[in-house]
Amino acid sequence: MRRLPLLAALLAAAPALAATHILNPTPQTVAWGHYDATDKPVLTINSGDTVVMRTLLTNNPTSLEKAGVAPADVEPELRAVFDGVPLAARGPGGHILTGPIAIAGAEPGDTLEVRIRKIDLAIPYSYNAFRYGAGFLTDDFPYARVKIVPLDRQRMIGKFGPGIEVPLAPFFGSMGVAPPPSFGRYDSAPPTIHGGNMDLKHLVAGTTLFLPVHVPGALFQAGDGHAAQGNGEVDITALETSLIGTFEFILHKKQATPYPRAETPDAYIAMGYDDDLSNATRKAIRNMIDFLVTTKGMSRDDAYMLVSVAGDVEITQLVDRNKGVHVVMKKALFTAK
């Protein structure tokens, strides 16, 4: 009994434990087709908190049923969102994004670290689709098609067709914060300085995303779940599906990140987005050079040289108006402790 007062004192002096929140998609908790600095947060959390967030695939119940999904297998949440979100609240893009989430104390000039702890498949199917006017070879395929691809959760493969199995590596195609207020209601399709529809397949569970904060609260959103995707995403879709993500949020005060970047367990990743692929590549290379100079203490000359001899420049996606390029630099190169 004598230990109880001491234990109570220690508990009272200890900082509050980080909380875990659940956020499901409803007509009131999604942002349809945009990132917007004026949107009201649907959840406010503290730095260090974790959010288990469910997202919805970017398609409509009618289209899924026409493609072969049984009506009973269409998510009730998807039907509710299509029925409950007014037309005035939709667009200009088409992605259904869960959020936004405000991080208490976040201000412009801060950096939001998003630790992707876990990603689970929410449904046992996905789809791939193309249509005229979108995709990299749109003139070669002047029509529309939707293909349902069943997902095997046990084996983690997509059953693309007879004799063809696609290994699954789930990630969120879109993760971002609100852009600067001057952007207005920003289309969810083209990625830029706020992150957004980056379609970077490296952002699986166990990786970390760093985003610059442009508005109070940061206003994080996620969606556009992919069960698997190839670099380029050439027909404009991946294996599109609904996902459940577990995110831990860490706020870095007065530590500005000028552009989204990421880390995997074994690599650093710098990104670049532009409607011109060459300019997107220049941005990605410059961002990696800046990262190496700032965090590794390298000269710009040596950083440029290191990207050339040991960095991998890869096309992220070609189809979201702003093309995406990323540079991957292995952590094993840096041997100093």
Side-chain angles (χ1 to χ4, degrees), residues 18-25 29-31 42-43 45 48-59 75 77-78 95-101 103 112-128 149-160 165-177 188 191 195-211 220-231 233 237-250 260-267 269 271 316-317 324 326 328:
T20 297
H21 309 265
I22 307 296
L23 184 59
N24 290 312
T29 61
V30 299
V42 301
L43 174 68
I45 66 171
D49 285 0
T50 294
V51 179
V52 180
M53 175 191 294
R54 180 166 181 148
T55 65
L56 297 172
L57 51 71
T58 300
N59 206 327
E75 295 167 278
E77 295 88 349
L78 186 66
H95 302 93
I96 300 171
L97 305 171
T98 305
I101 298 170
I103 293 78
L112 181 63
E113 177 182 347
V114 184
R115 298 176 181 175
I116 306 167
R117 294 302 192 188
K118 188 179 181 185
I119 302 177
D120 294 305
L121 301 174
I123 54 177
Y125 61 87
S126 62
Y127 78 90
N128 184 265
V149 178
L151 304 178
D152 186 329
R153 288 189 179 99
Q154 302 303 316
R155 298 176 57 216
M156 286 301 287
I157 56 98
K159 300 177 182 178
F160 188 84
E165 296 181 343
V166 178
L168 302 186
F171 73 98
F172 293 90
S174 191
M175 291 184 288
V177 294
S188 64
N197 189 34
M198 297 176 289
D199 288 330
L200 178 58
K201 73 174 188 175
H202 293 287
L203 294 175
V204 295
T207 62
T208 301
L209 176 64
F210 296 87
L211 296 167
F220 178 85
Q221 301 171 182
D224 188 30
H226 294 170
Q229 181 202 292
N231 275 337
E233 199 191 24
T237 56
L239 288 187
E240 308 282 335
T241 194
S242 299
L243 296 176
I244 301 169
T246 301
F247 303 99
E248 181 183 2
F249 296 90
I250 306 294
R261 67 175 183 87
E263 289 187 22
T264 72
D266 62 359
I269 301 176
M271 308 173 197
T316 318
Q317 54 78 23
H326 58 276
V328 180

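- Between I123 and L57 the shortest side-chain heavy-atom distance falls below 4.5 Å.
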Dump the intermediate steps for side-chain contact (heavy atoms from CB on, under 4.5 Å) on V166 and V149, then the final yes or no.
CA-CA 10 Å; V166 178; V149 178; over 6 Å; no
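- Between L168 and L121, the closest side-chain pair of non-hydrogen atoms falls below 4.5 Å.
- T20 has its side chain out of reach of T246: every pair of non-hydrogen atoms, C-beta onward, lies at least 4.5 Å apart.
- Between L200 atom CG and I269 atom CD1 the span is 5.0 Å, to the nearest 0.5 Å.
- Here the straight-line distance linking atom CG of D224 with atom OG1 of T58 works out to 5.0 Å at 0.5 Å rounding.
- Classification of the F172-F247 ring pair by plane angle, with boundaries at 30° and 60°, yields tilted.
- A heavy-atom distance below 4.5 Å is found between the side chains of M175 and L203.
- Taking NE2 of H202 as the start and OG1 of T207 as the end, the distance is 10.0 Å to the nearest 0.5 Å.
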Could you go through the side-chain contact (heavy atoms from CB on, under 4.5 Å) check for V30 and L97 one step at a time?
CA-CA 5 Å; V30 299; L97 305 171; over 6 Å; no
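- Side-chain atoms of N128 come within 3.5 Å of backbone N or O of A238 as a donor-acceptor pair.
- The two residues H226 and D199 make their nearest non-hydrogen contact at CE1-OD1, 3.0 Å.
- Between T29 and N24 there is no side-chain heavy-atom pair separated by less than 4.5 Å.
- Expressed to the nearest 0.5 Å, how far OG1 of T316 lies from NE2 of H326 amounts to 4.5 Å.
- Inter-residue side-chain proximity for P191 and Q317 is flagged as met; some heavy-atom pair is nearer than 4.5 Å.
- Side-chain atoms of T98 come within 3.5 Å of backbone N or O of R54 as a donor-acceptor pair.
- Heavy atoms only, all atoms of each residue included: A262 and M271 are closest at CB-CE, 3.7 Å.
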Dump the intermediate steps for side-chain contact (heavy atoms from CB on, under 4.5 Å) on E240 and N59, then the final yes or no.
CA-CA 9 Å; E240 308 282 335; N59 206 327; over 6 Å; no
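- The minimum heavy-atom distance between H95 and S188, with the atom names listed, is ND1-OG, 2.8 Å.
- Note that NZ of K159 and CG of L151 are 9.5 Å apart. Values are rounded to the nearest 0.5 Å.
- A distance of 10.0 Å separates CD in E233 from CG in L239, rounded to the nearest 0.5 Å.
- The backbone N or O of L243 lies less than 3.5 Å from a partner atom in the side chain of T55, making a donor-acceptor pair.
- When all heavy atoms are compared, the tightest approach of P260 to L211 is CB-CD2, 4.0 Å.
- The closest side-chain heavy-atom distance from L78 to I96 is below 4.5 Å.
- Two residues are said to be in side-chain contact when any heavy atoms from C-beta on lie closer than 4.5 Å; R115 and I250 meet this criterion.
- Between Q229 and F171, the shortest heavy-atom contact is OE1-CZ, 3.3 Å.
- When every heavy atom of I244 is checked against every heavy atom of A122, the shortest pair comes out as CG1-CB, 4.0 Å.
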side-chain contact (heavy atoms from CB on, under 4.5 Å), that's the test. Do M198 and L209 meet it? Break it down for me.
CA-CA 11 Å; M198 297 176 289; L209 176 64; 3.8 Å; yes
